[in-house]
Peer 1: 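Got a structure for you, written out below as structure tokens; questions coming shortly.
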Amino acid sequence: MTLNLDIVRKNVIDCTKCELSKTRTNSVPGKGNFHSDVIFVGEAPGRNEDLKGEPFVGVAGKKLSLALEEAGISRDDVYITNTVKCRPPNNRVPSKHEKETCQEYIEKEIEIIKPKIICVLGNTAFGSILGGTEITKFRGKVGKKDGQLYFITIHPAATIYNQGLIETLKEDIKKLFELIRELKNGKDIPIDIEFSA
Ligand code: URA
Ligand code: SF4
């Protein structure tokens, strides 16, 4: 189990499959607890992540940590990753080609960790993973695609310039861990939206 994720990690670090490899400082593999019940998925690394080679270590990451702490969860308890593992220049949105090329890594992370639920952070991840748009309409909701459960919430970076949104993020993350508790107790949770595979 651990060995496989180590291989994915190494492959991400060495990857040159798309043009983002030319401008990155470091690739940013997923990080955290391999036995986590949940995988958090952001868009792509930003400047701090690119410099450190770790996901969500900048200001957006602090917001995510804050919301997790409020729910009584430590970052070390969960697994955090991105749809695209290298920083797009000037933090532009990753292209369709970059997302498609990088997709195999997140698929492997999911296959190995087998999370009870995947938490989609913000519009880009929502679009890449579930084909969704309009995160503000879907946030706080549970989705299902191909037998896998998803929880949809806003991107932590959205809370930086809109203080009110930090309460939204905290509320959603609390709900997420309540749902995880139910799942661990063997209960079914209500599905708000079915996404086609
Ligand atoms: N924003 C993201 O989407 N991912 C990170 O890792 C950091 C900021
Ligand atoms: Fe490879 Fe993904 Fe980085 Fe592109 S973004 S070089 S596919 S790891």
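Every number for a ligand or one of its atoms is a count from 1 in the order of the listing.
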Peer 1: Examine the proximity of ligand 2 to R24 and report which part, side chain or backbone, both or neither, has a heavy atom under 4.0 Å away.
Peer 2: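 It is the side chain that gets close, since no backbone atom is under 4.0 Å.
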
Peer 1: Between K62 and F56, is NZ or CZ placed under 6.0 angstrom from the six-membered ring centre and within 45° of the ring axis?
Peer 2: no

Peer 1: Nearest 0.5 Å, what's the OG1-CD distance between T83 and E98?
Peer 2: 10.0 Å

Peer 1: Is there at least one pair of N or O atoms, one from E49 and one from ligand 1, spaced under 3.5 Å apart?
Peer 2: no

Peer 1: NZ of K85 to CD of Q103: how many Å apart, nearest 0.5 Å?
Peer 2: 10.5 Å

Peer 1: Check each atom of ligand 2 against the heavy atoms of C102 and keep those under 4.0 Å away; list them by number with element.
Peer 2: 2 (Fe), 5 (S), 7 (S), 8 (S)

Peer 1: Look up atom NZ in K137 and atom CD1 in I193, then write down how far apart they are to the nearest 0.5 Å.
Peer 2: 10.0 Å

Peer 1: Looking at H155, which atoms of ligand 1 are within less than 4.0 Å of one of its heavy atoms?
Peer 2: 1 (N), 2 (C), 3 (O)

Peer 1: Heavy atoms only: give me the nearest P115-I110 pair and the separation to one decimal.
Peer 2: CD-O, 3.6 Å

Peer 1: Check whether the ring centres of H155 and F126 lie less than 6.0 Å apart, and answer yes or no.
Peer 2: no

Peer 1: Given that the side chain starts at C-beta and the backbone is N, CA, C, O, which of these parts of E43 lies under 4.0 Å from ligand 1, counting heavy atoms, or is it both or neither?
Peer 2: both

Peer 1: Within the 4.0 Å heavy-atom shell around G42, which atoms of ligand 1 are there?
Peer 2: 3 (O)

Peer 1: Which atoms from ligand 1 have a heavy atom of N82 less than 4.0 Å away?
Peer 2: 2 (C), 3 (O), 4 (N), 5 (C), 6 (O)

Peer 1: Name the closest protein heavy atom to atom 1 (Fe) of ligand 2, giving the residue it belongs to and the distance to 0.1 Å.
Peer 2: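 Nearest neighbour among protein heavy atoms for atom 1 (Fe) of ligand 2, to 0.1 Å: C15 SG, 2.3 Å.
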
Peer 1: With a cut-off of 4.0 Å, which atoms of ligand 2 are near a heavy atom of V84?
Peer 2: 5 (S)

Peer 1: Tell me the protein heavy atom at minimum distance from atom 4 (Fe) of ligand 2, and give that distance in Å.
Peer 2: C18 SG, 2.4 Å

Peer 1: Check if A44 has a non-hydrogen atom at a distance under 4.0 Å from any atom of ligand 1.
Peer 2: yes

Peer 1: Is atom 4 (Fe) of ligand 2 under 2.8 Å from any N, O or S atom of C86?
Peer 2: no

Peer 1: Looking at E194 and K144, is any side-chain nitrogen of the basic one under 4.0 Å from a carboxylate oxygen of the acidic one?
Peer 2: no

Peer 1: Do R139 and T153 get their side chains close enough for a donor-acceptor pair, meaning under 3.5 Å?
Peer 2: no

Peer 1: Going by the order shown, which atoms of ligand 2 are within less than 4.0 Å of some heavy atom of S21?
Peer 2: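 Listed by number with element: 6 (S).
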
Peer 1: Any nitrogen or oxygen of A60, side chain or backbone, less than 3.5 Å from one on ligand 1?
Peer 2: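 No - when backbone and side-chain N and O of A60 are compared with those of ligand 1, no distance drops under 3.5 Å.
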
Peer 1: Minimum heavy-atom separation for V120 and A125, please, with both atom names.
Peer 2: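 Distance-wise, the nearest heavy atoms are CG1-C, 3.6 Å.
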
